[in-house]
Amino acid sequence: MNSIIIIKFIEKGFNMENLKTLIDEKKLHNRIEEIAAQIEKEYQNKEITLICILKGSVFFTVELAKKINGDVRLEFIRVSSYGEGTQSTGEIKMKLDLKDSIRGKNIIVVEDIIDTGRTLSYLIEYLKMKKPSSLKLCALLDKPERRIKKVDVDYTGFQIPDKFVVGYGLDWNEKYRNLPYIAYIEQ
């Protein structure tokens with residue numbers, strides 16, 4: 001996203017009037033059901049562990065888990081490459097590690113959005129060292145045009161343009177996570 005637009009936006013103040021719906025609630029839920037059905041089909045009669053990347057993917061992870069029929073376990077991890085702004089710092093920080101071992105387990109990492117790919121590239125390599133039986137990546141949103149690091153996404157909700165988005169777990173300075181849809185900053 002253009003830095004000048006972000007600066008103007010911050011100067012004006014971030015409020016609901018600046019937001020425009022990108023993906024509505026119904027479309028989100030329909031796509032999550034489709035992804036759940038795909039996962040269910042691929043993992044018939046196998047236990048899977050969803051690793052929720054906090055905080056952004058919690059809404060997506062919970063809805064996805066509720067829609068998968070079968071044995072689903074949840075784990076949580078928190079990594080970040082963002083400070084308080086809207087641009088990645090490029091520095092990956094592990095803020096919360098897994099509680100339990102994932103050795104020999106079928107793992108699906110659940111992410112809210114893949115942007116530059118730095119964080120997910122780091123995290124996938126980190127998790128591979130823990131020797132899971134399988135390791136896949138599921139992202140609600142994907143911005144492929146911003147990719148710096150190659151990341152293979154196994155399940156994608158939506159590819160989106162290079163817009164700063166909030167809602168459904170995504171935030172701006174810890175605000176707007178609770179919107180039941182995905183919105184973007186109007187330019």
Side-chain angles (χ1 to χ4, degrees), residues 1-36 50-67 74 76-96 108-123 137-149 151 153 155-187:
M1 178 176 218
N2 186 324
S3 296
I4 295 170
I5 293 168
I6 292 171
I7 291 167
K8 287 180 182 177
F9 184 73
I10 291 169
E11 286 172 355
K12 285 183 189 177
F14 197 100
N15 59 54
M16 294 299 286
E17 289 92 43
N18 300 113
L19 300 179
K20 297 295 176 195
T21 301
L22 180 64
I23 304 167
D24 67 36
E25 192 171 358
K26 183 176 174 48
K27 196 171 181 181
L28 276 170
H29 287 283
N30 288 342
R31 183 64 185 126
I32 293 168
E33 284 180 7
E34 292 170 358
I35 293 169
L50 302 179
I51 296 180
C52 173
I53 302 177
L54 297 173
K55 298 178 188 174
S57 70
V58 72
F59 286 71
F60 179 38
T61 303
V62 168
E63 285 304 311
L64 183 63
K66 288 182 348 186
K67 294 178 186 330
L74 293 177
F76 300 90
I77 198 164
R78 189 168 175 207
V79 291
S80 180
S81 66
Y82 283 80
E84 292 183 3
T86 59
Q87 298 293 321
S88 172
T89 63
E91 180 185 345
I92 312 301
K93 295 179 183 176
M94 179 72 69
K95 296 184 172 191
L96 176 68
I108 301 175
V109 176
V110 183
E111 177 65 302
D112 55 357
I113 187 167
I114 302 176
D115 194 348
T116 64
R118 286 182 186 126
T119 303
L120 267 297
S121 176
Y122 167 85
L123 185 58
L137 176 59
C138 178
L140 180 60
L141 305 175
D142 187 9
K143 287 187 194 178
E145 67 188 78
R146 298 243 324 141
R147 199 76 79 249
I148 292 171
K149 293 271 193 174
V151 177
V153 185
Y155 311 100
T156 303
F158 303 91
Q159 283 194 356
I160 63 169
D162 186 16
K163 294 182 181 291
F164 188 78
V165 291
V166 295
Y168 209 75
L170 296 135
D171 73 300
W172 178 74
N173 205 19
E174 294 297 327
K175 296 177 185 174
Y176 305 102
R177 286 189 195 278
N178 62 319
L179 295 176
Y181 56 90
I182 305 292
Y184 67 94
I185 299 169
E186 183 179 48
Q187 298 181 19

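Quick caveat, the model's predicted, so the values are computed rather than measured. No hydrogens, no waters, no symmetry mates; every other heavy atom, side chains included, goes into these values.
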Grab the two heavy atoms, one from [X] and one from [Y], that are nearest each other, plus how far apart they are.
{"X": "Ala139", "Y": "Ile114", "answer": "CB-CD1, 3.6 Å"}
{"X": "Ile182", "Y": "Gly167", "answer": "CD1-O, 3.5 Å"}
{"X": "Ala183", "Y": "Leu19", "answer": "CB-CB, 4.0 Å"}
{"X": "Leu140", "Y": "Asp112", "answer": "CB-O, 3.4 Å"}
{"X": "Ala65", "Y": "Leu74", "answer": "CB-CD2, 4.3 Å"}
{"X": "Cys138", "Y": "Ile108", "answer": "CB-CG2, 3.7 Å"}

Taking side chain as C-beta onward, heavy atoms only, is [X] less than 4.5 Å from [Y]?
{"X": "Tyr155", "Y": "Leu137", "result": "no"}
{"X": "Leu22", "Y": "Tyr181", "result": "no"}
{"X": "Tyr168", "Y": "Phe60", "result": "yes"}
{"X": "Leu179", "Y": "Phe59", "result": "no"}
{"X": "His29", "Y": "Glu25", "result": "yes"}
{"X": "Pro161", "Y": "Lys143", "result": "no"}
{"X": "Ile77", "Y": "Leu123", "result": "yes"}
{"X": "Val79", "Y": "Leu120", "result": "no"}

Determine whether Trp172 and Phe164 satisfy the following criterion, side-chain contact (heavy atoms from CB on, under 4.5 Å), listing intermediate values before the conclusion.
CA-CA 9 Å; Trp172 178 74; Phe164 188 78; 3.7 Å; yes
Before you tell me yes or no, could you show the steps for Leu141 and Leu170 under side-chain contact (heavy atoms from CB on, under 4.5 Å), namely the whole-Å CA-CA distance, both residues' side-chain angles and the distance that decides it to 0.1 Å?
CA-CA 10 Å; Leu141 305 175; Leu170 296 135; 3.5 Å; yes
Just how far is it from atom [atom1] of [X] to atom [atom2] of [Y], taken to the nearest 0.5 Å?
{"X": "Asp162", "Y": "Glu145", "atom1": "CG", "atom2": "CD", "result": "5.0 Å"}
{"X": "Glu63", "Y": "Ile32", "atom1": "CD", "atom2": "CD1", "result": "6.0 Å"}
{"X": "Thr116", "Y": "Arg146", "atom1": "OG1", "atom2": "CZ", "result": "7.0 Å"}
{"X": "Glu33", "Y": "Leu28", "atom1": "CD", "atom2": "CG", "result": "11.5 Å"}

Checking Leu50 against Val109 for the side-chain contact (heavy atoms from CB on, under 4.5 Å) test, could you report, in this order, the C-alpha distance in whole Å, the side-chain angles of both residues, the deciding distance, and whether it holds?
CA-CA 6 Å; Leu50 302 179; Val109 176; over 6 Å; no
Does Arg147 pair with Asp142 as a salt bridge, N-O distance under 4.0 Å?
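Counted as a salt bridge, because a side-chain N and a carboxylate O are separated by less than 4.0 Å.
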Tell me, with the steps shown, if Arg78 and Ile53 meet side-chain contact (heavy atoms from CB on, under 4.5 Å).
CA-CA 5 Å; Arg78 189 168 175 207; Ile53 302 177; over 6 Å; no
Under 6.0 Å from the NZ atom of Lys67, do we count more than 12 heavy atoms belonging to anything else shown?
yes
